[in-house]
Amino acid sequence: MNNQYFSFELQKVDPETGARAGIFHTPHGDIETPVYMPVGTQATVKGMLPKDLKEIGSQIILSNTYHLYMRPGDELIARAGGLHKFMNWDRPILTDSGGFQVFSLASLNKITDDGVTFSSHVDGSRHTFTPELAMKIQHNLGSDIIMAFDQCSEYGYDHAQARLAMERTGRWLERCYLAHDNEYQALFPIVQGNFYKDLRRESLERCLPFVKHGIAIGGLSVGEPKSLMYEIMDDLQPLLPTDVPRYLMGVGSPDCLVEGVLRGIDMFDCVLATRVARNGTALTSRGKVVVRNGKYKEDFTPLDPDCDCYCCRNYTKAYLRHLVNVGEMTGAMLLSLHNIAYLHKLMRGLRESILGGYVRDYVREFYRLQGDCAHEA
RNA sequence: GCGGGUGUAGCUCAGUUGGUUAGAGCGCCAGAUUGUGGCCCUGGAGGUCGUGAGUUCGAUUCUCGUCGCCCGCC
């Protein structure tokens with residue numbers, strides 16, 4: 001499943017859990033897995049400069065077809081020389097197809113086999129996304145990894161509804177595959193099927209013929225209990241292809257990252273780190289720290305005693321609380337920086353422990369430090 | 001000094017033709033947040049209704065005194 005642009009080097013698989021460590025080679029550089037990808041929806045990771053992302057070890061970021069198509073337009077970005085150049089990020093970029101966004105953000109008008117008609121969340125204007133258009137936009141953006149256009153189904157869909165969405169996702173995948181005509185962008189199919197194991201398995205079967213460089217699992221972490229998500233992943237794990245990276249879409253709380261890695265996932269993305277940062281919350285080695293809370297008013301210690309990021313090296317909780325409280329953007333920026341740095345560090349730790357053969361111990365220590373709200377696998 | 005106005009939550013103000021547990025916004029406190037609409041969302045605490053007396057079955061509401069503040073005049 002390699003070409004001159006993409007190849008996945010599986011370095012080690014933990015025999016007990018199936019946790020994997022590898023290197024994904026792409027046109028814009030190598031990605032050491034497992035990896036967390038910060039989300040830069042609108043061609044920027046909110047509150048972060050590329051140089052800061054590099055300093056904390058971001059290897060690849062995610063951006064978004066739907067948003068960039070709306071503003072400033074994918075053709076404009078193509079004229080600018082592509083998304084990498086436009087946003088000054090020379091490492092790999094993965095773009096989501098817009099499938100999720102037309103369901104979660106836009107007001108839907110109609111879903112047919114042809115595609116999805118919806119009204120923009122920006123100005124209400126009407127648009128239709130098809131698998132072909134989703135490919136064309138991502139071609140214009142020039143991201144390294146492009147995602148298939150899928151139909152998401154909500155938690156709570158019955159089996160029949162979930163089947164329709166899953167089957168349509170399969171048909172759309174074939175069209176994405178046919179419409180995708182270059183070698184320097186890797187197209188990842190997306191497994192759907194809601195929370196029905198038979199549908200998930202069938203969806204995976206439908207994806208396999210189109211898997212070249214990677215595969216994604218979508219439609220999880222959409223409001224269901226974590227135990228249910230883990231059940232679906234457990235069922236899928238032995239059936240997933242081993243020679244390409246596996247991407248679990250939208251998952252990114254620290255405990256979910258750990259549990260995902262233990263189930264053989266290689267790539268994650270999540271807005272959680274940057275979103276909670278903007279609301280004054282830090283993810284730390286000692287669990288969640290709601291910096292806004294009054295108890296930090298005179299806490300002159302760093303956010304996370306085990307972190308050496310710029311924020312933790314230089315600022316106290318009392319100062320961060322002050323910034324958040326008065327609504328200064330610097331607060332959101334520093335917390336975003338720390339949160340992303342923390343998730344990167346967590347993933348590096350997992351990777352090293354897999355390579356070193358002690359992932360179980362690493363995970364045990366992770367949960368011990370996280371304290372109360374830790375969920376056991 | 002005279003005349004007028006005003007005093008209700010930390011702040012800015014509603015309200016009651018006299019009637020059970022007096023409201024809002026903001027702020028504060030806490031929670032939420034998972035393929036991102038940064039201002040969102042969900043809870044909570046907090047008031048002897050300036051103060052003293054009177055009228056009344058009952059006063060934050062009416063009357064009088066008093067204190068504070070604002071405006072005008074001298």
Side-chain angles (χ1 to χ4, degrees), chain A residues 36-48 60-68 70-71 93-107 119-124 134 138 143 145-155 169 188-192 214-226 229-230 247-260 265 267-283 288-297 321 323-333 335-336 339-340 343 373:
Chain A
Y36 162 72
M37 305 183 279
V39 179
T41 302
Q42 318 226 49
T44 174
V45 177
K46 292 184 194 299
M48 298 287 295
I60 169 174
I61 62 172
L62 179 145
S63 196
N64 204 288
T65 296
Y66 170 90
H67 296 267
L68 297 179
M70 292 295 173
R71 296 180 299 193
I93 299 175
L94 179 152
T95 43
D96 194 9
S97 64
F100 184 80
Q101 287 68 36
V102 299
F103 292 96
S104 65
L105 297 180
S107 32
S119 294
S120 155
H121 76 278
V122 176
D123 59 6
Q138 294 184 87
S143 43
I145 301 168
I146 64 178
M147 300 305 299
F149 188 64
D150 60 337
Q151 180 180 347
C152 295
S153 56
E154 290 169 28
Y155 177 49
T169 296
F188 280 29
I190 303 173
V191 177
Q192 287 291 346
I215 187 165
I217 299 171
L220 293 181
S221 198
V222 288
E224 78 283 6
K226 287 179 182 176
M229 174 171 82
Y230 298 150
Y247 164 30
L248 178 58
M249 306 185 76
V251 168
S253 66
D255 56 329
C256 288
L257 291 177
V258 167
E259 295 303 324
I265 301 297
M267 303 167 66
F268 304 84
D269 80 281
C270 194
V271 304
L272 188 74
T274 40
R275 178 179 288 164
V276 299
R278 271 177 265 119
N279 289 319
T281 297
L283 309 172
K288 187 187 289 187
V289 173
V290 183
V291 176
R292 228 178 33 193
N293 286 4
K295 62 179 168 182
Y296 301 118
K297 195 168 186 175
R321 179 187 131 86
L323 293 179
V324 168
N325 254 24
V326 297
E328 282 294 341
M329 64 178 94
T330 308
M333 291 165 64
L335 286 175
S336 295
N339 283 354
I340 296 171
L343 294 185
C373 52

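Labels below follow one simple rule: chain letters A, B, ... track the order of the sequence lines, proteins then strands, and each chain is numbered from 1. Computed from a prediction, not measured in an experiment: that's the story for all the values here.
B/G3 sits 29 Å from B/A14 when the C1' atoms are compared, rounded to a whole Å. Straight-line distance between the P atoms of B/G1 and B/A45: roughly 46 Å, to the nearest whole Å. The P atoms of B/G10 and B/G50 are separated by 13 Å, rounded to the nearest whole Å. For the C1' atoms, the distance from B/C13 to B/G19 is 25 Å, rounded to whole Å. Only the C1' atoms considered, B/G52 is 14 Å distant from B/A59, to the nearest whole Å. A gap of 10 Å separates the C1' atoms of B/C29 and B/G46, to the nearest Å. Comparing the P positions of B/C11 and B/G5 gives an interatomic distance of 25 Å, to the nearest angstrom. Only the C1' atoms considered, B/G27 is 25 Å distant from B/U21, to the nearest whole Å.
The NE2-C1' distance, from A/His121 to B/C40, rounds to 14 Å in whole Å. Between the P atom of B/C29 and the CZ atom of A/Arg321 lies a distance of 5 Å, rounded to the nearest Å. Spacing between atom CD1 of A/Ile61 and atom P of B/G35 amounts to 16 Å, rounded to whole angstrom units. When the P atom of B/G44 is taken as reference, atom CG of A/Asn293 falls 18 Å away, rounded to whole Å. For the pair A/Phe100 CZ and B/G35 P, the computed distance is 6 Å after rounding to whole Å. In this structure, the CZ atom of A/Arg278 is 5 Å from the C1' atom of B/G38, given to the nearest Å. Atoms CG (A/Leu272) and P (B/G35) sit 8 Å apart, rounded to a whole Å. Rounding to whole angstrom units, CZ of residue A/Arg292 and P of B/A30 are separated by 8 Å.
No donor-acceptor distance shorter than 3.5 angstrom exists from the side chain of A/Asp269 to the backbone of A/Met37, with no hydrogens or angles considered. The backbone N or O of A/Ala148 sits less than 3.5 Å from a side-chain atom of A/Ser97, completing a donor-acceptor pair. Without hydrogens or angle criteria, A/Gln138 side chain to A/Ser143 main chain gives no donor-acceptor distance under 3.5 Å.
Contact annotation: side chain of A/Gln192 to base of B/G35, donor-acceptor pair present below 3.5 Å.
You'll find that the side chain of A/Lys46 is closest to B/G38, out of B/U33, B/G35, B/G38. Out of B/U34, B/G35, B/G38, the shortest distance to the side chain of A/Ser253 is found at B/U34. Looking at the side chain of A/Asp269, the nearest of the listed nucleotides B/G35, B/U34, B/U33 is B/G35. Residue A/Val271 has its side chain nearest to B/G35 when only B/G38, B/G31, B/G35 are considered. Ranking B/G35, B/U33, B/U34 by closeness to the A/Val251 side chain, first place goes to B/U34.
Across all strands shown, B/G1 forms a Watson-Crick or G-U wobble pair with B/C73, both key distances being under 3.5 Å. When both distances must be under 3.5 Å, the Watson-Crick or G-U wobble mate of B/U34 does not exist. Across all strands shown, B/U6 is found opposite B/G68 as a Watson-Crick or G-U wobble partner, with both distances under 3.5 Å. Partner assigned to B/G44 is B/C28, using Watson-Crick or G-U wobble distances below 3.5 angstrom. Figure legend. B/A53 is base-paired to B/U63; pairs are counted as Watson-Crick or G-U wobble with both atom distances under 3.5 Å.
Across all strands, A/Asn64 comes closer than 4.0 Å only to sugar-phosphate atoms, never to a base (heavy-atom distances). Here A/Gly219 lies in heavy-atom contact (under 4.0 Å) with a base. Across all strands, A/Leu220 comes closer than 4.0 Å to no nucleic acid atom at all (heavy-atom distances). Among the protein residues, A/Val290 comes within range of the sugar-phosphate backbone only, with heavy atoms under 4.0 Å from sugar or phosphate atoms but none that close to a base. When heavy atoms are screened at a 4.0 angstrom cut-off, A/Ser104 is found touching no nucleic acid atom at all. Within the nucleic acid shown, A/Asn279 comes within 4.0 Å of at least one base atom, counting heavy atoms only. Looking at heavy-atom distances under 4.0 Å, A/Gly252 makes contact with a base.
The local environment of CD in A/Glu154 is sparse, with at most 12 non-hydrogen atoms from other residues, nucleotides or ligands closer than 6.0 Å.
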(Q) I'd like to know whether A/Asp255 forms a side-chain hydrogen bond (donor to acceptor under 3.5 Å, both in side chains) with A/Ser253, so could you lay out the CA-CA distance, the side-chain angles of the two residues, the decisive distance to 0.1 Å, and finally the verdict. (A) CA-CA 6 Å; A/Asp255 56 329; A/Ser253 66; 2.7 Å; yes
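Between A/Lys288 and the phosphate of B/U33, there is a side-chain N or O to OP1/OP2 separation shorter than 4.0 Å.
With 3.5 Å as the limit, one finds no donor-acceptor pair spanning the side chains of A/Tyr66 and A/Asp96.
Each of A/Leu68, A/Thr44, A/Val45 was evaluated against A/Ser63; a single residue qualifies, A/Leu68, per the side chain to side chain contact (heavy atoms under 4.5 Å, CB included) test.
In this structure, A/Gln151 and A/Gln192 have side chains that are not in contact, with every pair of non-hydrogen atoms separated by 4.5 Å or more.
When the nearest nucleotides of RNA chain B are assigned to A/Met329 and A/Gly250 by heavy-atom distance, the more 5′-ward of the two goes with A/Gly250.
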